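Before any comments, here is the structure.
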Amino acid sequence: AVAVVPLLQDPLFFALTATFCCSILGFMGTLVHLATYTEELGCSADTYTTAYTAIGTVSIVGRVVLGLLADKLGAVNVWSTSFVGFGLGVYGLAANRTCWQVIPLAAFASGFCGSAFISLLMPVVTDLFGAKRIPEVLANVFLFNGAFGFASPAILGYVRDVTGDYQWS
């Protein structure tokens with residue numbers, strides 16, 4: 001049996017899970033709400049279809065590049081930097097007021113930086129908790145991540161309904 005309570009008492013696990021869950025809000029929000037967001041900006045359908053394509057394409061490149069960087073600089077360092085880049089990219093999307101910025105911001109945030117979430121998770125967990133705790137840590141991280149990932153599009157939809165748009169003001 002996987003014990004949730006002992007892990008919740010571990011500040012390192014709490015920090016890892018909280019960071020991952022907050023990031024999934026921006027990741028799932030971008031994927032689910034991007035089409036509506038670009039329509040509200042007055043962009044053509046080509047803008048969000050190109051952005052989705054760019055996210056996928058840049059994600060493949062990001063996994064390779066970030067993996068190579070992780071081998072040289074350490075997985076935790078690259079993963080942490082990717083989270084910062086992801087946050088800045090999502091903030092850039094929220095602050096964006098023009099159509100031409102949607103594609104590079106979405107590709108950078110969800111594509112390049114977002115690719116570190118999964119591709120570097122195993123080395124990060126191994127570095128932080130050791131190989132013996134991988135099953136316990138991953139099971140619990142994905143438990144919380146799944147619940148928050150499921151709820152995040154609804155949370156962002158609610159915020160959009162309350163504020164009237166996707167713009168960060």
Side-chain angles (χ1 to χ4, degrees), residues 1-37 48 51-94 105-161 166:
V2 176
V4 175
V5 174
L7 275 176
L8 290 178
Q9 295 169 348
D10 185 337
L12 189 57
F13 174 78
F14 183 76
L16 175 75
T17 303
T19 304
F20 207 78
C21 286
C22 288
S23 297
I24 201 70
L25 179 69
F27 187 75
M28 291 303 294
T30 300
L31 295 180
V32 172
H33 292 278
L34 186 61
T36 308
Y37 170 66
Y48 64 83
Y52 283 125
T53 303
I55 289 169
T57 305
V58 173
S59 175
I60 294 167
V61 173
R63 289 171 194 237
V64 172
V65 170
L66 294 175
L68 292 170
L69 284 173
D71 288 343
K72 295 186 183 316
L73 305 173
V76 174
N77 294 331
V78 173
W79 204 59
S80 301
T81 304
S82 294
F83 270 87
V84 172
F86 177 77
L88 292 173
V90 170
Y91 174 77
L93 273 173
L105 286 168
F108 172 74
S110 292
F112 190 78
C113 295
S115 68
F117 294 169
I118 298 301
S119 62
L120 296 180
L121 182 60
M122 187 67 73
V124 166
V125 168
T126 304
D127 288 352
L128 295 177
F129 298 97
K132 289 185 179 186
R133 292 189 74 192
I134 288 174
E136 175 188 12
V137 172
L138 286 181
N140 286 289
V141 164
F142 284 125
L143 171 74
F144 291 106
N145 184 50
F148 205 77
F150 179 75
S152 63
I155 293 168
L156 292 175
Y158 175 77
V159 169
R160 190 244 176 246
D161 289 345
Y166 291 104

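Nothing here was measured: the structure is a model prediction, and the numbers come from that model. Heavy-atom basis, side chains included; hydrogens, waters and symmetry copies ignored.
- Between Phe13 and Val141 the shortest side-chain heavy-atom distance falls below 4.5 Å.
- Residues satisfying the ring-ring contact (aromatic ring centres under 6.0 Å, His included) criterion with Phe112, sequence neighbours excluded, are absent altogether.
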Under the side-chain contact (heavy atoms from CB on, under 4.5 Å) rule, what do Arg133 and Val125 come out as? Steps first, then yes or no, please. CA-CA 8 Å; Arg133 292 189 74 192; Val125 168; over 6 Å; no
Side-chain donor-acceptor pairs of residues 54-63 under 3.5 Å, sequence neighbours excluded:
from, atom 1, to, atom 2, distance (Å)
Thr57, OG1, Thr53, O, 2.9
Ser59, OG, Arg63, NE, 3.4

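- Proximity of Thr17 to Asn140: side-chain heavy atoms (C-beta onward) are nowhere separated by under 4.5 Å.
- In this structure, OG on Ser23 lies 10.0 Å from CZ on Phe148, to the nearest 0.5 angstrom.
- The closest donor-acceptor contact from the side chain of Ser152 to the backbone of Gly149 lies under 3.5 Å.
- The environment of CZ in Phe142 is crowded: more than 12 heavy-atom neighbours from other residues, nucleotides or ligands sit within 6.0 Å.
- Side-chain contact between Val78 and Lys72 is absent, with no heavy atoms from C-beta onward closer than 4.5 Å.
- Of the residues listed (Leu12, Leu128, Leu16), the one engaging Val137 in a side-chain contact (heavy atoms from CB on, under 4.5 Å) is Leu16, and it is the only one.
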Residues Leu121, Trp79; criterion side-chain contact (heavy atoms from CB on, under 4.5 Å); working and verdict: CA-CA 8 Å; Leu121 182 60; Trp79 204 59; 3.9 Å; yes
Would Val32 and Leu156 count as a side-chain contact (heavy atoms from CB on, under 4.5 Å) if you check the C-alpha gap in whole Å, the side-chain angles of each, and the deciding distance to 0.1 Å? CA-CA 9 Å; Val32 172; Leu156 292 175; over 6 Å; no
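- The shortest heavy-atom contact between Thr126 and Ala131 is CG2-N, 4.2 Å.
- With rounding to the nearest 0.5 angstrom, the OG1 atom of Thr19 is 9.0 Å from the CZ atom of Phe14.
- Of all non-hydrogen atoms in Leu34 and Ala51, the two that sit nearest each other are CD2-CB, 3.6 Å.
- Put simply, the side chain of Phe108 reaches to within 4.5 Å of the side chain of Cys113, judged on heavy atoms.
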Pair Thr81-Leu69, side-chain contact (heavy atoms from CB on, under 4.5 Å): steps then yes or no: CA-CA 11 Å; Thr81 304; Leu69 284 173; over 6 Å; no
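- In terms of heavy atoms, Leu66 sits closest to Ala116 at CD1-CB, 3.7 Å.
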